[in-house]
Amino acid sequence: MYKLYKDPITGKEQGVVRLADMAYIPFDPANVDYQQYLKWVSEGNTPLPAENN
Amino acid sequence: MSYGQVNADVIGTSVAGSNLGAGNASIMKNRIINGAFTVSQYNGTSSTTPSATSSNIYVIDRFSVLNTQASKLTYQQTTTAPAGFQNSFEVSVASTATVGSGDVFAFRQAVEAYNCQDLAWGTANAKTVTLSFWVQSSVTGTFGGAIQNYTASRSYPFTYTISSANTWTQISITIVGDTGSTWNTGNTGYMFVTWSLGTGTSNSGTAGTWANSGYWSATGATSVVGTSGATFYITGVQLEVGSSATGYEYRQYGQELALCQRYYEMSFSQGTAPANGVGNTYKFIASALNGGTSYVNAGVYCTEKRATPTMTFYRTDNGSSNGQPAYYSGGWNNGSSISPTSGTRAFYFNFAGTFSGLSCYFVDVAWTSSAEL
């Protein structure tokens, strides 16, 4: 399960938190954790929304 | 005008001599990083027995494992090594497994494409390479492995033989360059170099030839994971251009660590496995109050990362909340709601706490950043 998160300075969504180990994964296509997240989404899953911070 | 003296004999020997790259010459000929297993950021000197079955579990710097059955193999940096080496990578059987046709038990290194462009694989000019390593096992027989392209659509299974149990043996395998398929460029992966410890028939192919499949091993290779209490050690791993193995390219520890840190870096001291509450952390001075309720802190990586990394945070020995920093205000307090932003060179993180005015605070935080392939 993943949850979107925002940059608290800019307020922009910038990545997802992998809730299993609280790893902060950036939206970078070269990041293998992000590639695994995209695969998870392609399987029909949806991340939790980001908190307002 | 004089510009000093040049020792022409030394230059002549290095450039014109036929032994360039031989012996223990260090000219970055080895495409494998941490081939002598001296750097161990993930687990220090502790052993690990992965219970997950994903394909990207790093157990020691630059080497990941795949086990399609959980908790069967244990991995560890050890000081068991052949003459001339300080460390090796030990694999031991924690629980035996029967290898089914679709099973894979293997470890491998993904080599970045930036470091392989001169190989020219996928062209008519593809260069031959030689893979060499020292190996020791309690099991004898014909072992297997493979070179795979990064998309696992092309592979070259290979075999090697261990004839004497528990005896260090140097292996050399020459692999003709692939003239077919397409090989990556840039900061993505170029190839996987894989050693099998037990691979099923559907993931094994004919040794000594390129195939349009992502085989992990060679057909008929020995299964280590099927033998109770079996051990397997490897070190001195080198992949170089040419049709014969030359002496292992020794690198200074600092060089090897920096090469590893392109893919994984941590705030913990070398030799300490990242975990909550073990200390060995970075201390920051909080420098920017953000909106009156949280602080922003910045850090710079020792080595620029291959890609924007995944960050994970840990409780320090001054805090009590896992994954959160601690800050000093008349005593150590727990921060909360940490939120990091990282680039390839540096990062900053924001966290919440109870702050007063524009005071500065010492912040204690532990982290890892992963840009592995």
Side-chain angles (χ1 to χ4, degrees), chain A, chain B residues 52 54-58 64 110 112-114 150-151 184 186-189 263-264 274-276 288-291 293-298 305-315 321-324 336-344 347-352 367-373:
Chain A
M1 179 64 73
Y2 296 87
K3 180 180 180 180
L4 293 161
Y5 76 98
K6 296 178 180 178
D7 182 322
I9 308 301
T10 65
K12 295 172 60 177
E13 288 182 351
Q14 61 168 357
V16 290
V17 183
R18 188 172 55 209
L19 298 179
D21 59 357
M22 295 301 292
Y24 292 81
I25 301 169
F27 290 148
D28 182 351
N31 181 298
V32 294
D33 295 315
Y34 182 58
Q35 292 166 9
Q36 291 179 354
Y37 163 74
L38 291 178
K39 180 174 182 291
W40 180 80
V41 171
S42 71
E43 293 168 348
N45 298 296
T46 304
L48 299 173
E51 296 175 1
N52 291 321
N53 54 6
Chain B
S54 66
S55 61
N56 217 36
I57 301 172
Y58 279 82
S64 65
E112 188 174 347
Y114 269 134
Y150 193 62
T151 54
N184 287 336
N187 69 341
T188 188
Y263 307 92
Y264 184 83
N276 281 303
L289 186 63
N290 176 30
T293 58
S294 61
Y295 260 93
V296 178
N297 309 261
K305 299 289 164 285
R306 180 193 65 82
T308 310
T310 296
M311 292 198 76
T312 304
F313 291 83
Y314 301 85
R315 172 174 58 85
S321 296
N322 287 349
Q324 299 294 334
S336 61
S337 303
I338 193 169
S339 180
T341 297
S342 182
T344 57
F347 65 92
Y348 63 85
F349 61 92
N350 179 289
F351 71 96
W367 53 267
T368 61
S369 283
S370 174
E372 291 283 9
L373 286 162

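Proteins get letters first, then strands, A, B, ... in listed order; numbering begins at 1 in each.
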Under 4.5 Å, counting heavy-atom pairs only, tell me which of A:Gln14, A:Met22, A:Gln36, A:Arg18 racks up the most with chain B. A:Gln14
Heaviest contributor of heavy-atom pairs below 4.5 Å to chain A, chosen from B:Ala307, B:Ser342, B:Ala371, is B:Ala307
Only one of B:Thr308, B:Thr310, B:Thr344 forms a side chain to side chain donor-acceptor pair (under 3.5 Å) with A:Asp28, so which one is it? B:Thr308
What part of B:Leu373 gets closer than 4.5 Å to chain A, counting heavy atoms only: side chain, backbone, both or neither? backbone
Restricting to non-hydrogen atoms, name the atom on B:Thr312 and the atom on A:Ala23 that form the minimum distance, rounded to 0.1 Å. OG1-CB, 3.5 Å
Out of curiosity, B:Thr341 OG1 to A:Tyr24 OH, how far, rounded to the nearest 0.5 Å? 10.5 Å
